[in-house]
Amino acid sequence: MAHFSILGAGSWGTALGIMLAEQEEHTVRLWEFRPDAADTLSKERVNNEFLPGAAFPDNLEITSDLHHALTDADAILFVVPAQVLRSVLEQINPEWIQGKMLIGAAKGIEKNTHLRMSEVVKDVLGDECFANFLALSGPSHAEEVAKHIPTTVVIANPNIQLVEKAQKWFSCPVFRVYASQDIVGVELCGSLKNIIALATGICDGLGFGDNTRGALMTRGLHEMTRLGVALGGKRETFAGLSGMGDMITTCTSKHSRNRFVGEQLGLGRSLDEILEEMTMVAEGVATTRAGYELAQNLNVELPIVEKVHEILFEGMDAKQAVTELMTRSLKVEQHL
Ligand SMILES: NC(=O)c1ccc[n+]([C@@H]2O[C@H](COP(=O)([O-])OP(=O)(O)OC[C@H]3O[C@@H](n4cnc5c(N)ncnc54)[C@H](O)[C@@H]3O)[C@@H](O)[C@H]2O)c1
């Protein structure tokens with residue numbers, strides 16, 4: 001049994017909290033940063049804002065007190081959006097979390113610094129916390145985890161004993177965890193697939209079909225792999241659950257916010273207008289900028305990522321972008 005602290009009571013933090021608390025040997029404390037929203041969660045025992053319809057088990061406690069949230073925790077999950085992780089870490093006294101297992105479940109790359117979530121932890125909290133930090137990623141929509149739909153994820157850290165401990169704590173008949181030592185690859189997979197989901201959504205919005213979606217997913221996986229390997233990830237990770245698995249789920253799902261944002265762009269709406277209406281985070285927008293800049297710095301060719309970047313931030317017409325992709329110089333299909 002373990003006591004979990006989950007920072008971030010959005011869709012994913014809430015779904016993970018419910019899934020862990022349903023394993024009755026565990027106890028879970030879920031931290032929501034807005035005190036009024038935390039009070040509502042405590043009273044209603046359901047997250048009507050981010051995950052309606054999934055009742056909280058009795059052993060799931062809600063708090064807006066960060067120190068209390070972390071007290072006595074065996075494992076701490078960071079499930080706030082990638083762009084706010086740093087501000088949350090800066091509120092934590094490293095002594096509160098010394099020697100504890102830390103797990104990152106956000107899927108994104110920090111804007112401007114281009115740091116992965118584990119690297120942000122290292123930057124703010126130091127080497128010891130970095131060594132204890134595992135990445136959790138894979139095809140796992142919160143809405144489906146909350147409905148007990150069979151789900152698999154990967155947990156990664158170079159220290160396999162630590163990964164195996166987490167694997168046992170998290171796994172249950174509807175949530176199966178695979179072990180990986182490639183934290184770089186797993187973090188990059190979860191982040192970069194959102195750019196491909198935006199691209200797929202754009203083509204859905206333009207009214208294209210299954211042929212285009214299949215092409216984007218396959219060529220998109222090539223691009224994720226090319227950049228990921230250049231950044232130190234292992235090639236095989238990109239063909240696994242956190243790479244291909246999550247990319248397929250995200251690019252084909254009605255739940256994906258990134259695919260939705262792309263679809264709205266393809267329908268001709270502006271990015272500002274779309275984001276203004278959304279309460280939930282679409283990590284792919286910031287990740288597109290980071291992924292594009294990383295590729296430029298490393299001189300890695302990513303045609304789809306470049307076009308998504310142009311559509312999002314440079315006013316490129318979506319249909320024109322597809323035409324330009326389709327009429328590039330002809331290539332040999334490379335193996336992954
Ligand atoms: N939703 C999913 O199915 C899913 C699945 C896997 C991974 N993820 C990843 O998990 C992360 C969180 O996503 P989500 O879907 O739970 O997001 P969400 O939009 O549903 O919720 C975001 C949460 O962050 C909190 N928050 C916002 N600003 C904050 C701040 N400044 N300080 C502290 N907390 C703040 C909000 O109160 C809310 O609880 C993202 O990186 C996402 O890609 C989501």
Side-chain angles (χ1 to χ4, degrees), residues 5-19 30-41 46-52 54 62-66 69-70 76-92 103-111 115-118 120-121 124 135-147 149 151-155 170 175 177 186-198 241-242 245-247 249-250 253-261 275 277-288 290:
S5 163
I6 301 182
L7 307 187
S11 317
W12 191 216
T14 304
L16 284 169
I18 292 173
M19 187 274 293
L30 180 60
W31 175 76
E32 162 56 50
F33 83 121
R34 297 163 299 164
D36 51 338
D39 282 348
T40 307
L41 291 174
V46 61
N47 191 339
N48 285 314
E49 186 180 8
F50 289 111
L51 195 69
I62 307 295
T63 182
S64 60
D65 177 338
L66 187 55
L70 299 172
I76 298 158
L77 278 71
F78 296 92
V79 205
V80 291
Q83 307 310 325
V84 306
L85 177 66
R86 180 178 291 273
S87 69
V88 172
L89 295 174
E90 283 168 349
Q91 299 168 52
I92 296 175
I103 296 163
K107 294 175 177 172
I109 299 173
E110 196 178 50
K111 269 194 290 201
L115 296 178
R116 290 176 280 107
M117 298 298 94
S118 60
V120 176
V121 167
V124 180
L136 183 158
S137 199
S140 51
H141 283 305
E143 295 83 351
E144 296 192 0
V145 169
K147 286 185 185 149
I149 288 174
T151 299
T152 56
V153 297
V154 181
I155 292 187
F170 276 80
F175 196 85
V177 179
V186 168
E187 286 189 306
L188 288 171
C189 280
S191 307
L192 298 175
K193 59 92 195 184
N194 283 331
I195 310 176
I196 309 307
L198 281 164
L241 284 170
S242 63
D246 200 3
M247 197 232 2
T249 297
T250 311
S253 172
K254 63 179 186 296
H255 299 300
S256 168
R257 297 136 190 197
N258 294 289
R259 203 203 61 78
F260 170 80
V261 170
L275 295 182
E277 279 175 12
M278 288 177 70
T279 47
M280 295 174 177
V281 66
E283 294 279 23
V285 175
T287 301
T288 299

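Because only heavy atoms are used, hydrogens play no part in the values below, and waters and symmetry mates are left out as well, while side chains stay in. Numbering of ligands and ligand atoms starts at 1, following listing order.
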Engineer: Against heavy atoms of V88, which atoms of ligand 1 measure under 4.0 Å?
Structural biologist: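 Listed by number with element: 32 (N), 33 (C).
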Engineer: Is there a heavy atom in R34 that sits closer than 4.0 Å to ligand 1?
Structural biologist: yes
Engineer: Considering only heavy atoms, does H255 approach ligand 1 within less than 4.0 Å through its side chain, its backbone, both, or neither?
Structural biologist: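 No part of H255 is near ligand 1 at this cut-off.
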Engineer: N/O of E283 under 3.5 Å from N/O of ligand 1, yes or no?
Structural biologist: yes
Engineer: Suppose I only count heavy atoms of A9 and a 4.0 Å limit; which atoms of ligand 1 are within that range?
Structural biologist: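 Heavy-atom distances to A9 below 4.0 Å select 39 (O).
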Engineer: Does any donor atom in the side chain of E49 or T279 lie under 3.5 Å from an acceptor atom in the other side chain?
Structural biologist: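 There is no such pair between these side chains.
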Engineer: Could you see which bit of F50 sits under 4.0 Å from ligand 1, with heavy atoms only: side chain, backbone, both or neither?
Structural biologist: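 Within the 4.0 Å criterion, F50 contacts ligand 1 through side-chain atoms alone.
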Engineer: Can an N or O of T279 be found at a distance shorter than 3.5 Å from an N or O of ligand 1?
Structural biologist: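 No.
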Engineer: When you compare ligand 1 with M280, is there at least one nitrogen or oxygen pair between them that comes in under 3.5 angstrom?
Structural biologist: no
Engineer: Which of the atoms in ligand 1, numbered in the order shown and given with their element, are less than 4.0 Å from a heavy-atom of S140?
Structural biologist: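 In order of number, 3 (O), 5 (C), 6 (C).
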Engineer: With backbone taken as N, CA, C and O and side chain as the heavy atoms from C-beta onward, which portion of R257 lies under 4.0 Å from ligand 1: side chain, backbone, both, or neither?
Structural biologist: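 Only the side chain of R257 comes within reach of ligand 1.
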Engineer: Report yes if K107 has an N/O atom closer than 3.5 Å to an N/O atom of ligand 1; otherwise report no.
Structural biologist: yes
Engineer: Mind checking whether S137 contacts ligand 1 via backbone (N, CA, C, O), side chain (CB onward), both or neither, at a 4.0 Å heavy-atom cut-off?
Structural biologist: neither
Engineer: Quick check: does G8 get an N/O under 3.5 Å from an N/O on ligand 1?
Structural biologist: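 Min N/O separation from ligand 1 is not below 3.5 Å for G8.
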Engineer: So, regarding W12 and ligand 1 (criterion: nitrogen or oxygen to nitrogen or oxygen, under 3.5 Å), is there a contact or not?
Structural biologist: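 Between W12 and ligand 1, an N or O pair is found under 3.5 Å apart.
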Engineer: Under 4.0 Å from any heavy atom of A142, which atoms of ligand 1 are there?
Structural biologist: 1 (N), 2 (C), 3 (O)
Engineer: Tell me the protein heavy atom at minimum distance from atom 30 (C) of ligand 1, and give that distance in Å.
Structural biologist: F33 CE1, 3.6 Å
